[in-house]
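Data block below; observations after.
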Amino acid sequence: MNARIETPVIEVPSALADQPIGQIAVALPGATAIFRRLKLDFCCGGQISLRQAALDKQIDLSTLVQELAALDRSDDAPPAGTSPELIDHILERYHAVHREQLPELIRMARRVEAVHRDHPAVPTGLADLLEQAQVELLDHMEKEEQIIFPNLRAGGTAMIAYPIGIMRQEHTSHGEMLEHLMGMTQDATPPDGACNTWRALYAGIAQLHDDLINHIHLENNVLFPRFEPQPMAQAGCGSGSGCGCAG
């Protein structure tokens, strides 16, 4: 008699699977891009659970939960890490994430501005600001990836202090952009009765703000001082009054 082979049952965490997809879209920045790709309506149809939405669209729930769970990223840098390890962390945790989050934020901002153009709290001009931020950040990160980081991985040179100084100046501009962004969105606080797309947009903006602050902090206050004259070590994160990391 042949032994019966049991098919393993993959347990899906009910904490996420049984949440309404609209709630997930707001609470987990980046989820909207996944839902949009899979044609899951998180806005008007956001009241159904993730489990039911996956069932209705014949989507594998375990795979979907894993993809969503990967969006919950840690900010922890490698403890006492070497400079190459810190650079790897910055590239994976911040550079790659900025490239993912900005196009989705721009798309949602365009939609909110169009659909709610008559609402008194609509953030007119938000998409344009985010597009400009994307252009500047992509250019900034490209310079770090092509010039700054390879030099630092190799141990740094005396000449690297000048391009690092340029990066610090650009970080200050990024901080000013963040202040403008938060002012335009009332500190990423959606108005009462805002739809799920509007709420998800502001949740994503709050994450972009925190991510960029942490990103700049690691470079300005941890990585760059290893290769600069000592007086540069207390430069802060470049975000102006929105940050106390230099205090």
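The structure presented is a predicted model; accordingly, all values stated were derived computationally and were not measured. Computed from heavy atoms alone, side chains included, the values below leave out hydrogens, waters and symmetry copies.
- In plain terms, the two heavy atoms of L152 and I164 that are nearest each other are CD2-CD1, 4.3 Å.
- Take F227 and apply the ring-ring contact (aromatic ring centres under 6.0 Å, His included) test, not counting sequence neighbours, and it matches no residue.
- Between M141 atom CE and Q146 atom CD the span is 12.0 Å, to the nearest 0.5 Å.
- With D211 contributing its side chain and H98 its backbone, the two residues share no donor-acceptor pair below 3.5 Å.
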* Asked: Under the salt bridge (charged side-chain N to carboxylate O under 4.0 Å, His left out) criterion, do R93 and D88 qualify, and how do the steps go?
  -> CA-CA 8 Å; R93 175 60 185 85; D88 286 342; over 6 Å; no
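- For E113 against G125, the heavy-atom pair with the smallest separation is OE1-N, 2.8 Å.
- Each of E176, M177, M184 was checked for a side chain to side chain contact (heavy atoms under 4.5 Å, CB included) with H180, and the lone residue meeting it is M184.
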* Asked: Does the side chain to side chain donor-acceptor pair (under 3.5 Å) test come out yes or no for E170 and H174, once each step is laid out?
  -> CA-CA 6 Å; E170 293 184 2; H174 299 332; 5.0 Å; no
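- In plain terms, the two heavy atoms of T82 and R226 that are nearest each other are C-NH1, 3.5 Å.
- One hydrophobic cluster holds both L102 and M182 under the rule that ILVMFWY side chains link at heavy-atom gaps under 4.5 Å.
- Considering CD of Q134 and CG of D139, their distance stands at 12.0 Å, rounded to 0.5 Å.
- Here OG1 of T32 is found 12.0 Å from CD1 of I24. Values are rounded to the nearest 0.5 Å.
- Using cut-offs of 30° and 60° on the angle between ring planes, the pair H215 and Y94 is parallel.
- Atom CD of Q186 has more than 12 heavy atoms from other residues, nucleotides or ligands within 6.0 Å.
- Hydrophobic clustering (side-chain heavy atoms under 4.5 Å, transitive across Ile, Leu, Val, Met, Phe, Trp, Tyr) groups L129 together with V112.
- Separating the CG atom in L126 from the CD1 atom in I205 is a distance of 4.5 Å, to the nearest 0.5 Å.
- Comment: R37 does not engage E104 in a salt bridge, judged by the lack of any side-chain N to carboxylate O separation of less than 4.0 angstrom.
- Ring geometry, Y202 versus W198: the interplanar angle exceeds 60°, so the pair is classed perpendicular (tilted spans 30 to 60°).
- Without hydrogens or angle criteria, Q19 side chain to L50 main chain gives no donor-acceptor distance under 3.5 Å.
- In terms of hydrophobic clustering, with Ile, Leu, Val, Met, Phe, Trp and Tyr side chains grouped at heavy-atom distances under 4.5 Å, F149 and I166 are assigned to a common cluster.
- A salt bridge is defined here as a Lys NZ or Arg NE, NH1 or NH2 lying under 4.0 Å from an Asp or Glu carboxylate O, and R36 with D41 fails to meet this definition.
- Atom CD1 of I90 sits about 5.5 Å away from atom CG of L218, to the nearest 0.5 Å.
- Of all the heavy atoms in F42 and A25, the pair that sits closest is CD1-CB, 3.7 Å.
- Nearest heavy atom pair, residue A194 against residue P190, reads CB-CB, 3.9 Å.
- Summarising the local packing, CZ of R107 is surrounded by more than 12 heavy atoms from other residues, nucleotides or ligands at distances under 6.0 Å.
- A single hydrophobic cluster is not seen to contain both V97 and L130; linkage of ILVMFWY side chains at heavy-atom distances under 4.5 Å, directly or through other members, places them apart.
- Shortest non-hydrogen contact noted between T197 and M108 is O-SD, 4.0 Å.
- Note that the CG atom of L28 and the CG atom of L71 stand 5.0 Å from one another [nearest 0.5 Å].
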Give the table of side-chain donor-acceptor pairs shorter than 3.5 Å for residues 52-59, with sequence neighbours excluded, one pair per line with atom names and distance.
residue, atom, partner, partner atom, Å
Q52, NE2, D56, OD1, 2.7
K57, NZ, K39, O, 3.4

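- For the pair Q23 (side chain) and P20 (backbone), a donor-acceptor distance under 3.5 Å is absent.
- When atom types are taken as modelled, the side chain of R168 and the backbone of N220 share a donor-acceptor pair closer than 3.5 angstrom.
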* For the pair M167 and E219, evaluate side-chain contact (heavy atoms from CB on, under 4.5 Å) and give the outcome as yes or no after the intermediate values. => CA-CA 9 Å; M167 295 300 97; E219 292 182 356; 5.7 Å; no
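- The hydrophobic clustering, which links ILVMFWY residues whose side-chain heavy atoms are closer than 4.5 Å, places I148 and M159 apart.
- For the side chain to side chain donor-acceptor pair (under 3.5 Å) with H140, the qualifying choice from E136, K143, E144 is E144, the only one to do so.
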